[in-house]
Amino acid sequence: MPELPEVETSRRGISPHIVGKVFKNVIVRQPKLRWPVPDNLPALLIGQTLQSVERRGKYLLLNCANGSLLLHLGMSGNLRITNPELAVGKHDHLDLVFADDTVLRLNDPRKFGAALWAEQPSQHPLLAVLGPEPLSADFSGEYLQQRAGSRRLPIKSLIMDSHIVVGVGNIYASESLFLAGLHPERPAGEIDLMGYQRLATAIKTVLQKAIEQGGTTLRDFTNAEGKPGYFQQALRVYGRRDQACIDCGEPIQHLKIGQRASYFCPVCQH
DNA sequence: CGAACGACCTGCAGGC
DNA sequence: TGCCTGCAGGTCGTTC
């Protein structure tokens, strides 16, 4: 489910229900996620007040006075607000129960997600190495060009590297490159400053728009809502193999780049 | 150092 | 209906 807009949407969705409340119970049903869920997580959280919910890249930080719970949703993770009466389903791995019986529940079929503890989140090894937030002023064409140096890596792989910039997943990478008119296989070191400025702007535009749309995702999310989401209208290339380019009519092409499906217009992108 | 690739895990669609 | 293959929003760790 999640790229940055989906994680941000989750953050905004859960915050009002849980911030300021006291952890009453922590139920770990499946500790084997991407990394083991710490044994002492209940002891760390119970009795603490949740002070705020922040996002860093695709991580959510549930901040308490004694440290932060880091949540990552992997490929298939989902958070929702529920209550102790509602039946526990398959892949409901973690429940955070608050004093008023509000429950924040993590469901993650593929178990690529994570629930970790950090006393100082910014120092945590997974967070300390992350690149800038794409919507911040730190992220610019100049920055991208500087990080690209003379690397031969395909540009799509570069912008999906969280050490370079966080939050650009497989869908939005294809979409951003289309907006910027850049071929996804272009070696990063070959792109000039103007190209990088277009790309940085495109990434910001695509992510911002997706957040505004509520970060709708591909299958599940839209079905549950019963509405056509952001993607049906707004995806310009992703998943549109052999369909006409919205700008020039040429069939959208499909490639594997770094093991990931990539979509682009061979006429509009160079 | 950079680049490529396997690994983690489940569910689903499509072909036979 | 059932079996098999390939594919899916992420990203770390290993190898060359």
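First the proteins, then the strands, lettered A, B, ... as listed; each starts at 1.
Of the possible polar contacts, one joining the A:Lys21 side chain to the A:His17 backbone as a donor-acceptor pair under 3.5 Å is found.
Regarding A:Tyr263, its OH atom lies at a distance of 10 Å from the C1' atom of C:dA8, rounded to whole Å. When the P atom of C:dC7 is taken as reference, atom NZ of A:Lys256 falls 5 Å away, rounded to whole Å. Spacing between atom CG of A:Leu70 and atom P of C:dT11 amounts to 14 Å, rounded to whole angstrom units. Here the P atom of nucleotide C:dG9 and the CG atom of A:Asn107 are 19 Å apart, to the nearest Å. Rounded to whole angstrom, the span from the CG atom of A:Asp161 across to the P atom of B:dC5 amounts to 16 Å.
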Steps toward salt bridge (Lys or Arg N to Asp or Glu O under 4.0 Å) verdict (A:Glu212, A:Lys209): CA-CA 5 Å; A:Glu212 285 164 15; A:Lys209 197 172 277 183; over 6 Å; no

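On the P atoms, B:dC5 is 15 Å away from C:dC7, given to the nearest whole Å. Across C:dG6 and B:dG6, the matching P atoms stand 13 Å from one another, rounded to whole Å.
The shortest distance between the side-chain N/O atoms of A:Arg34 and the OP1/OP2 oxygens of B:dA7 is not below 4.0 Å. In this structure, A:His163 does not reach the C:dT11 phosphate: none of its side-chain N or O atoms is under 4.0 Å from OP1 or OP2.
Look at C:dG9: it lacks any Watson-Crick or wobble partner with both distances under 3.5 angstrom. The partner of B:dC9 cannot be assigned: no Watson-Crick or G-U wobble pair with both contacts below 3.5 Å exists in any strand.
Between A:Val129 and A:Gln259, it is A:Gln259 whose nearest contact on DNA chain C lies nearer the 5' terminus.
Stacking between A:Phe112 and B:dC8 is present: the aromatic ring centre lies within less than 5.5 angstrom of the base six-membered ring centre, and the two planes differ by under 30 degrees.
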